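To start, the structure under review is shown below, and the notes come after it.
Worth saying up front: this structure is predicted, and the values here are computed from it rather than measured. Letters A, B, ... mirror the listed sequences (proteins, then strands); counts begin at 1.
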Number of protein chains: 2
Amino acid sequence: MLSSACQYGLRAMIYLAQQPGDAYLPVRRISSTLDVSHPFLAKILQQLVVKDLLVSLRGPSGGVKLARASTDIRLNDIVLAIDGQKVFDSCVLGLPGCGHRRPCPMHEAWGELRSNFCSMLEETTLAAFAERTEVGGFRLTPM
Amino acid sequence: MLSSACQYGLRAMIYLAQQPGDAYLPVRRISSTLDVSHPFLAKILQQLVVKDLLVSLRGPSGGVKLARASTDIRLNDIVLAIDGQKVFDSCVLGLPGCGHRRPCPMHEAWGELRSNFCSMLEETTLAAFAERTEVGGFRLTPM
DNA sequence: TATATTGAGGACAAGAGAGTCTTAATTCAA
DNA sequence: TTGAATTAAGACTCTCTTGTCCTCAATATA
Ligand code: SF4
Ligand code: SF4
(Lines give C-alpha, C1' and ligand atoms only; values in the text may rest on other atoms or scores of the structure.)
(Ligands and ions follow the chains in the order given, each with its own letter.)
Protein backbone atom coordinates (compact mmCIF):
# COMPACT_ATOMS: atom_id res chain seq x y z
CA MET A 1 0.00 0.00 0.00
CA LEU A 2 2.61 2.53 1.08
CA SER A 3 6.29 2.15 0.15
CA SER A 4 8.87 1.55 2.86
CA ALA A 5 10.28 4.99 2.21
CA CYS A 6 6.88 6.49 2.88
CA GLN A 7 6.41 4.50 6.07
CA TYR A 8 9.80 5.61 7.36
CA GLY A 9 9.00 9.18 6.43
CA LEU A 10 5.72 9.05 8.33
CA ARG A 11 7.35 7.59 11.42
CA ALA A 12 10.10 10.21 11.35
CA MET A 13 7.62 13.05 10.98
CA ILE A 14 5.52 11.76 13.84
CA TYR A 15 8.61 11.48 15.98
CA LEU A 16 9.59 15.04 15.10
CA ALA A 17 6.12 16.25 16.00
CA GLN A 18 6.55 14.75 19.45
CA GLN A 19 9.69 16.78 20.12
CA PRO A 20 9.26 19.73 22.45
CA GLY A 21 10.83 23.07 21.51
CA ASP A 22 12.00 24.28 18.19
CA ALA A 23 15.52 22.84 17.93
CA TYR A 24 16.99 21.06 14.93
CA LEU A 25 17.28 17.32 15.38
CA PRO A 26 20.08 15.41 13.62
CA VAL A 27 18.90 12.78 11.23
CA ARG A 28 21.27 10.32 12.84
CA ARG A 29 19.40 10.70 16.12
CA ILE A 30 16.08 10.03 14.42
CA SER A 31 17.33 7.03 12.52
CA SER A 32 18.78 5.36 15.58
CA THR A 33 15.63 6.00 17.59
CA LEU A 34 13.38 4.58 14.91
CA ASP A 35 15.86 1.82 14.15
CA VAL A 36 16.16 2.43 10.43
CA SER A 37 19.28 2.92 8.34
CA HIS A 38 20.70 6.40 8.56
CA PRO A 39 21.63 6.97 4.89
CA PHE A 40 18.26 5.73 3.73
CA LEU A 41 16.30 7.90 6.12
CA ALA A 42 18.49 10.88 5.21
CA LYS A 43 17.55 10.50 1.59
CA ILE A 44 13.88 10.30 2.41
CA LEU A 45 13.92 13.34 4.66
CA GLN A 46 15.73 15.22 1.93
CA GLN A 47 12.65 14.79 -0.23
CA LEU A 48 10.53 16.25 2.53
CA VAL A 49 12.87 19.25 2.75
CA VAL A 50 12.44 19.85 -0.96
CA LYS A 51 8.67 19.68 -0.55
CA ASP A 52 8.81 22.27 2.24
CA LEU A 53 7.57 19.96 4.94
CA LEU A 54 10.92 20.10 6.75
CA VAL A 55 13.65 22.67 7.09
CA SER A 56 17.25 21.60 7.53
CA LEU A 57 20.46 23.14 8.77
CA ARG A 58 23.98 21.80 8.26
CA GLY A 59 26.83 21.85 10.68
CA PRO A 60 27.07 21.25 14.41
CA SER A 61 23.74 21.59 16.22
CA GLY A 62 22.17 21.32 12.83
CA GLY A 63 19.64 18.78 11.68
CA VAL A 64 16.05 18.85 10.69
CA LYS A 65 12.77 20.18 12.04
CA LEU A 66 9.18 20.66 10.94
CA ALA A 67 8.68 23.53 8.54
CA ARG A 68 5.23 24.32 9.90
CA ALA A 69 3.27 23.74 13.07
CA SER A 70 2.41 20.09 13.56
CA THR A 71 -1.25 21.11 13.58
CA ASP A 72 -0.77 22.27 10.04
CA ILE A 73 0.76 19.13 8.53
CA ARG A 74 -1.43 16.25 7.56
CA LEU A 75 -0.40 12.66 6.94
CA ASN A 76 -1.66 13.17 3.44
CA ASP A 77 1.03 15.80 2.77
CA ILE A 78 3.78 13.35 3.63
CA VAL A 79 2.40 10.46 1.64
CA LEU A 80 1.90 12.70 -1.36
CA ALA A 81 5.46 14.04 -1.10
CA ILE A 82 7.05 10.60 -1.04
CA ASP A 83 4.79 8.17 -2.89
CA GLY A 84 2.89 10.65 -5.01
CA GLN A 85 -0.67 10.69 -6.23
CA LYS A 86 -0.62 7.12 -7.50
CA VAL A 87 -1.37 5.75 -4.03
CA PHE A 88 -4.77 7.37 -4.10
CA ASP A 89 -5.59 6.13 -7.58
CA SER A 90 -4.60 2.53 -7.01
CA CYS A 91 -6.92 -0.22 -8.10
CA VAL A 92 -7.51 -3.78 -6.97
CA LEU A 93 -7.29 -5.29 -10.41
CA GLY A 94 -4.63 -2.92 -11.68
CA LEU A 95 -6.56 -1.79 -14.70
CA PRO A 96 -5.37 1.56 -16.05
CA GLY A 97 -7.82 4.43 -16.27
CA CYS A 98 -9.85 2.88 -13.54
CA GLY A 99 -13.32 3.97 -12.57
CA HIS A 100 -13.66 6.66 -15.19
CA ARG A 101 -15.87 4.65 -17.48
CA ARG A 102 -17.08 1.10 -17.33
CA PRO A 103 -15.59 0.32 -13.93
CA CYS A 104 -15.02 -3.28 -12.91
CA PRO A 105 -17.51 -5.03 -10.62
CA MET A 106 -15.34 -4.45 -7.62
CA HIS A 107 -15.38 -0.73 -8.01
CA GLU A 108 -18.24 0.04 -5.71
CA ALA A 109 -16.72 -1.74 -2.76
CA TRP A 110 -13.15 -0.84 -3.52
CA GLY A 111 -13.87 2.79 -4.26
CA GLU A 112 -15.39 3.20 -0.84
CA LEU A 113 -12.44 1.56 0.88
CA ARG A 114 -10.03 3.73 -1.01
CA SER A 115 -11.85 6.93 -0.23
CA ASN A 116 -12.01 6.01 3.45
CA PHE A 117 -8.27 5.54 3.40
CA CYS A 118 -7.74 8.89 1.75
CA SER A 119 -10.03 10.61 4.24
CA MET A 120 -8.10 9.10 7.10
CA LEU A 121 -4.84 10.52 5.77
CA GLU A 122 -6.35 13.87 4.94
CA GLU A 123 -8.03 14.39 8.27
CA THR A 124 -5.24 13.29 10.58
CA THR A 125 -2.75 15.99 11.51
CA LEU A 126 0.71 15.23 12.83
CA ALA A 127 -0.23 16.92 16.08
CA ALA A 128 -3.24 14.67 16.62
CA PHE A 129 -1.23 11.61 15.80
CA ALA A 130 1.69 12.55 18.01
CA GLU A 131 -0.57 13.31 20.93
CA ARG A 132 -2.31 9.99 20.65
CA THR A 133 1.06 8.30 20.43
CA GLU A 134 2.18 9.80 23.73
CA VAL A 135 -1.06 9.56 25.65
CA GLY A 136 -1.84 6.02 24.68
CA GLY A 137 1.68 4.69 25.10
CA PHE A 138 1.65 3.73 21.45
CA ARG A 139 4.79 2.84 19.64
CA LEU A 140 6.69 3.92 16.57
CA THR A 141 9.41 1.29 16.72
CA PRO A 142 9.22 -2.47 16.29
CA MET A 143 10.00 -3.19 19.93
CA MET B 1 -1.89 -3.72 -2.32
CA LEU B 2 -2.03 -6.81 -4.51
CA SER B 3 0.91 -7.89 -6.67
CA SER B 4 0.64 -7.79 -10.45
CA ALA B 5 0.70 -11.56 -10.51
CA CYS B 6 -2.29 -11.65 -8.20
CA GLN B 7 -4.20 -9.13 -10.25
CA TYR B 8 -3.61 -11.11 -13.43
CA GLY B 9 -4.66 -14.27 -11.65
CA LEU B 10 -7.89 -12.69 -10.50
CA ARG B 11 -8.70 -11.40 -13.95
CA ALA B 12 -8.01 -14.77 -15.51
CA MET B 13 -10.18 -16.59 -12.99
CA ILE B 14 -13.04 -14.17 -13.51
CA TYR B 15 -12.74 -14.64 -17.24
CA LEU B 16 -12.79 -18.41 -16.82
CA ALA B 17 -15.88 -18.15 -14.64
CA GLN B 18 -17.64 -16.35 -17.46
CA GLN B 19 -17.06 -19.18 -19.90
CA PRO B 20 -20.10 -21.34 -20.64
CA GLY B 21 -19.71 -25.11 -20.66
CA ASP B 22 -17.00 -27.22 -19.16
CA ALA B 23 -14.28 -27.15 -21.82
CA TYR B 24 -10.61 -26.55 -21.24
CA LEU B 25 -9.43 -23.13 -22.32
CA PRO B 26 -5.86 -22.67 -23.59
CA VAL B 27 -3.80 -20.23 -21.56
CA ARG B 28 -2.78 -18.50 -24.77
CA ARG B 29 -6.39 -17.63 -25.45
CA ILE B 30 -6.79 -16.17 -21.98
CA SER B 31 -3.61 -14.15 -22.15
CA SER B 32 -4.43 -12.62 -25.48
CA THR B 33 -7.96 -11.76 -24.36
CA LEU B 34 -6.76 -10.11 -21.17
CA ASP B 35 -3.80 -8.58 -22.96
CA VAL B 36 -1.11 -9.87 -20.63
CA SER B 37 2.06 -11.75 -21.48
CA HIS B 38 1.47 -15.43 -22.15
CA PRO B 39 4.52 -16.91 -20.36
CA PHE B 40 3.90 -14.81 -17.30
CA LEU B 41 0.24 -15.71 -17.06
CA ALA B 42 1.09 -19.36 -17.62
CA LYS B 43 3.38 -19.33 -14.64
CA ILE B 44 0.75 -17.71 -12.47
CA LEU B 45 -1.97 -20.14 -13.48
CA GLN B 46 0.41 -22.97 -12.72
CA GLN B 47 0.38 -21.87 -9.11
CA LEU B 48 -3.39 -21.99 -9.12
CA VAL B 49 -3.28 -25.52 -10.51
CA VAL B 50 -1.00 -26.57 -7.67
CA LYS B 51 -3.41 -25.02 -5.18
CA ASP B 52 -6.31 -26.97 -6.70
CA LEU B 53 -8.20 -23.95 -7.92
CA LEU B 54 -7.66 -24.95 -11.54
CA VAL B 55 -7.26 -28.21 -13.40
CA SER B 56 -5.16 -28.42 -16.52
CA LEU B 57 -4.81 -30.75 -19.45
CA ARG B 58 -1.97 -30.87 -21.96
CA GLY B 59 -2.18 -31.53 -25.63
CA PRO B 60 -4.60 -30.46 -28.32
CA SER B 61 -7.91 -29.20 -26.97
CA GLY B 62 -6.19 -28.97 -23.63
CA GLY B 63 -5.88 -25.94 -21.45
CA VAL B 64 -7.19 -24.91 -18.11
CA LYS B 65 -10.55 -24.77 -16.36
CA LEU B 66 -11.95 -24.15 -12.92
CA ALA B 67 -11.49 -27.02 -10.51
CA ARG B 68 -14.74 -26.31 -8.72
CA ALA B 69 -18.01 -24.55 -9.43
CA SER B 70 -17.57 -20.80 -9.69
CA THR B 71 -20.03 -20.45 -6.85
CA ASP B 72 -17.56 -22.31 -4.69
CA ILE B 73 -14.46 -20.20 -5.34
CA ARG B 74 -13.99 -16.94 -3.56
CA LEU B 75 -11.65 -14.11 -4.49
CA ASN B 76 -9.99 -14.74 -1.18
CA ASP B 77 -8.87 -18.20 -2.32
CA ILE B 78 -7.06 -16.76 -5.29
CA VAL B 79 -5.36 -13.94 -3.42
CA LEU B 80 -4.24 -16.35 -0.75
CA ALA B 81 -2.85 -18.78 -3.32
CA ILE B 82 -0.76 -16.17 -5.07
CA ASP B 83 0.16 -13.45 -2.59
CA GLY B 84 -0.24 -15.41 0.60
CA GLN B 85 -1.41 -14.39 4.02
CA LYS B 86 0.81 -11.33 4.24
CA VAL B 87 -1.70 -9.23 2.30
CA PHE B 88 -4.18 -9.54 5.11
CA ASP B 89 -1.65 -8.66 7.80
CA SER B 90 -0.27 -5.56 6.11
CA CYS B 91 0.16 -2.42 8.11
CA VAL B 92 0.21 1.28 7.23
CA LEU B 93 3.42 2.04 9.08
CA GLY B 94 5.07 -1.29 8.35
CA LEU B 95 5.81 -2.15 11.94
CA PRO B 96 6.31 -5.86 12.51
CA GLY B 97 4.04 -7.69 14.89
CA CYS B 98 1.39 -5.10 14.40
CA GLY B 99 -1.72 -4.76 16.49
CA HIS B 100 -0.88 -7.54 18.90
CA ARG B 101 0.22 -5.28 21.70
CA ARG B 102 0.65 -1.53 21.87
CA PRO B 103 -0.75 -0.78 18.43
CA CYS B 104 0.11 2.50 16.75
CA PRO B 105 -2.43 5.34 16.80
CA MET B 106 -3.58 4.54 13.34
CA HIS B 107 -4.61 1.06 14.23
CA GLU B 108 -8.24 1.69 14.95
CA ALA B 109 -8.92 3.30 11.59
CA TRP B 110 -6.61 1.07 9.61
CA GLY B 111 -7.73 -2.14 11.22
CA GLU B 112 -11.29 -1.43 10.15
CA LEU B 113 -10.26 -0.67 6.58
CA ARG B 114 -8.22 -3.82 6.40
CA SER B 115 -10.97 -6.00 7.74
CA ASN B 116 -13.45 -4.50 5.30
CA PHE B 117 -11.09 -5.37 2.50
CA CYS B 118 -10.74 -8.93 3.73
CA SER B 119 -14.50 -9.30 4.05
CA MET B 120 -14.96 -8.13 0.52
CA LEU B 121 -12.58 -10.78 -0.78
CA GLU B 122 -14.04 -13.47 1.42
CA GLU B 123 -17.63 -12.81 0.56
CA THR B 124 -17.35 -12.38 -3.18
CA THR B 125 -17.55 -15.58 -5.21
CA LEU B 126 -16.27 -15.87 -8.73
CA ALA B 127 -19.81 -16.54 -9.88
CA ALA B 128 -21.14 -13.32 -8.38
CA PHE B 129 -18.29 -11.34 -9.83
CA ALA B 130 -18.57 -12.85 -13.29
CA GLU B 131 -22.29 -12.27 -13.41
CA ARG B 132 -21.90 -8.64 -12.48
CA THR B 133 -19.23 -8.32 -15.11
CA GLU B 134 -21.56 -9.52 -17.83
CA VAL B 135 -24.72 -7.81 -16.71
CA GLY B 136 -23.19 -4.43 -16.07
CA GLY B 137 -21.04 -4.38 -19.16
CA PHE B 138 -18.00 -4.15 -16.92
CA ARG B 139 -14.56 -4.72 -18.22
CA LEU B 140 -11.57 -6.91 -17.46
CA THR B 141 -9.19 -5.41 -19.98
CA PRO B 142 -7.62 -1.95 -20.13
CA MET B 143 -9.61 -0.89 -23.19
C1' DT C 1 1.50 -44.60 -34.67
C1' DA C 2 2.78 -39.88 -36.05
C1' DT C 3 2.17 -35.28 -35.26
C1' DA C 4 0.69 -31.03 -33.82
C1' DT C 5 -0.76 -28.78 -29.67
C1' DT C 6 -0.64 -27.71 -25.23
C1' DG C 7 0.94 -27.19 -20.16
C1' DA C 8 5.25 -27.90 -16.93
C1' DG C 9 9.50 -26.39 -15.49
C1' DG C 10 13.64 -24.09 -15.15
C1' DA C 11 17.16 -20.79 -16.62
C1' DC C 12 17.67 -16.27 -17.66
C1' DA C 13 17.03 -10.97 -18.42
C1' DA C 14 15.12 -6.46 -17.13
C1' DG C 15 13.31 -3.25 -13.88
C1' DA C 16 12.09 -1.19 -9.62
C1' DG C 17 12.63 -0.58 -4.85
C1' DA C 18 15.50 -0.74 -0.91
C1' DG C 19 19.58 0.22 1.08
C1' DT C 20 24.90 1.58 1.11
C1' DC C 21 28.89 4.43 0.35
C1' DT C 22 31.68 8.31 -0.79
C1' DT C 23 32.52 13.02 -1.54
C1' DA C 24 31.33 17.84 -1.32
C1' DA C 25 29.24 21.85 0.82
C1' DT C 26 27.78 24.29 4.91
C1' DT C 27 27.87 25.90 9.59
C1' DC C 28 28.76 26.11 14.49
C1' DA C 29 32.14 26.45 18.01
C1' DA C 30 36.59 26.07 20.09
C1' DT D 1 41.05 30.22 11.66
C1' DT D 2 40.64 25.57 12.19
C1' DG D 3 38.12 21.49 12.81
C1' DA D 4 34.31 18.70 13.75
C1' DA D 5 29.52 17.89 12.79
C1' DT D 6 26.00 17.72 9.85
C1' DT D 7 23.10 17.82 5.51
C1' DA D 8 23.27 17.44 0.11
C1' DA D 9 24.04 14.84 -3.84
C1' DG D 10 24.88 11.20 -6.59
C1' DA D 11 26.86 6.83 -7.84
C1' DC D 12 26.61 2.32 -6.59
C1' DT D 13 25.00 -2.52 -4.92
C1' DC D 14 21.43 -5.97 -3.60
C1' DT D 15 17.25 -8.12 -3.76
C1' DC D 16 12.70 -9.07 -5.22
C1' DT D 17 9.23 -8.78 -8.68
C1' DT D 18 8.19 -8.91 -13.29
C1' DG D 19 8.69 -10.76 -17.52
C1' DT D 20 11.09 -13.73 -21.40
C1' DC D 21 12.90 -17.89 -23.53
C1' DC D 22 13.75 -22.56 -24.39
C1' DT D 23 13.20 -27.46 -23.68
C1' DC D 24 10.56 -31.38 -22.07
C1' DA D 25 6.46 -34.15 -21.15
C1' DA D 26 1.74 -35.28 -22.08
C1' DT D 27 -2.21 -36.04 -25.00
C1' DA D 28 -5.91 -35.58 -28.42
C1' DT D 29 -6.62 -36.47 -33.05
C1' DA D 30 -5.87 -37.84 -37.73
S1 SF4 E 1 -13.10 -0.10 -11.74
FE2 SF4 E 1 -12.45 0.50 -9.66
S3 SF4 E 1 -12.23 -1.42 -8.52
FE4 SF4 E 1 -12.30 -1.93 -10.71
S5 SF4 E 1 -10.16 -2.06 -11.36
FE6 SF4 E 1 -10.86 0.04 -11.75
S7 SF4 E 1 -10.38 1.26 -9.87
FE8 SF4 E 1 -10.22 -0.93 -9.38
S1 SF4 F 1 -0.78 -0.93 15.11
FE2 SF4 F 1 -2.15 -1.38 13.36
S3 SF4 F 1 -2.16 0.49 12.11
FE4 SF4 F 1 -0.41 0.67 13.54
S5 SF4 F 1 1.35 -0.09 12.39
FE6 SF4 F 1 0.48 -1.85 13.50
S7 SF4 F 1 -1.03 -2.83 12.09
FE8 SF4 F 1 -0.54 -0.79 11.29
Side-chain angles (χ1 to χ4, degrees), chain A residues 1-12 16 23-67 79 82-84 86-87 90 93-94 96, chain B residues 1-13 16 22-67 79 81-84 86-87 90 93-96:
Chain A
M1 196 83 183
L2 298 180
S3 69
S4 302
C6 191
Q7 295 175 335
Y8 293 165
L10 280 170
R11 282 159 63 188
L16 278 166
Y24 286 94
L25 199 62
V27 175
R28 175 151 265 127
R29 188 91 48 85
I30 306 175
S31 68
S32 71
T33 302
L34 299 187
D35 199 34
V36 308
S37 118
H38 167 248
F40 193 36
L41 185 62
K43 188 177 299 186
I44 296 162
L45 297 190
Q46 241 175 299
Q47 298 179 50
L48 297 178
V49 171
V50 172
K51 301 276 184 176
D52 290 322
L53 293 173
L54 287 178
V55 288
S56 66
L57 181 68
R58 308 194 216 195
S61 80
V64 127
K65 68 179 180 184
L66 299 183
V79 172
I82 299 178
D83 274 354
K86 66 173 187 227
V87 176
S90 73
L93 293 186
Chain B
M1 197 83 182
L2 299 180
S3 69
S4 302
C6 190
Q7 296 175 334
Y8 293 166
L10 281 169
R11 282 159 62 187
M13 291 293 279
L16 279 165
D22 193 40
Y24 287 93
L25 199 63
V27 175
R28 175 150 264 130
R29 188 92 48 84
I30 306 175
S31 67
S32 71
T33 304
L34 299 187
D35 198 34
V36 308
S37 119
H38 166 248
F40 193 37
L41 185 63
K43 189 172 300 184
I44 295 163
L45 296 190
Q46 239 176 297
Q47 298 178 51
L48 296 178
V49 171
V50 172
K51 301 274 184 176
D52 290 321
L53 293 174
L54 288 178
V55 287
S56 66
L57 180 70
R58 308 195 218 196
S61 81
V64 127
K65 68 179 180 186
L66 298 183
V79 172
I82 300 178
D83 274 354
K86 66 175 185 220
V87 177
S90 71
L93 293 186
L95 298 175

| B:Ser56 vs C:dA8: side-chain N/O to OP1/OP2 distance below 4.0 Å | yes

| First of B:Tyr8 and A:Arg28 reached from the 5' end of DNA chain D, by closest nucleotide | A:Arg28

| Side-chain donor/acceptor contact of A:Arg58 with base of D:dT7 under 3.5 Å | yes

| So, the side chain of A:Asp83 versus the backbone of A:Ser3: is there a donor-acceptor pair under 3.5 Å, distance only? | yes

| Do A:Ile44 and A:Val36 come within less than 4.5 Å of each other through their side chains, counting heavy atoms only? | no

| request: Would you mind telling me which of D:dT20, C:dG17, D:dT7 lies closest to the side-chain atoms of A:Lys86? | output: C:dG17

Would you tabulate the pairs of protein nitrogen or oxygen atoms and nucleotide nitrogen or oxygen atoms of nucleotides 11-15 of chain C closer than 3.5 angstrom?
{"from": "C:dA11", "atom 1": "N6", "to": "B:Lys43", "atom 2": "NZ", "distance (Å)": "3.1"}

| said: Any base atoms under 4.0 Å from B:Pro26, or only sugar-phosphate, or nothing? Heavy atoms, all strands. | reply: sugar-phosphate

| For C:dA18, does OP1 or OP2 lie under 4.0 Å from any side-chain N or O of A:Ser4? | yes

| query | With sugar-phosphate meaning primed atoms plus P, OP1 and OP2, does B:Leu57 contact a base, only sugar-phosphate, or nothing at under 4.0 Å between heavy atoms? | reply | sugar-phosphate

| At what distance, to the nearest 0.5 angstrom, does CG of A:Leu48 lie from OG of A:Ser56? | 11.0 Å

| Going through the checks in order, is the side-chain contact (heavy atoms from CB on, under 4.5 Å) test met by A:Val55 and A:Lys65? | CA-CA 6 Å; A:Val55 288; A:Lys65 68 179 180 184; 3.5 Å; yes

| query | Under 4.0 Å: is that the gap between some side-chain N or O of A:Gln46 and OP1 or OP2 of D:dT7? | reply | no

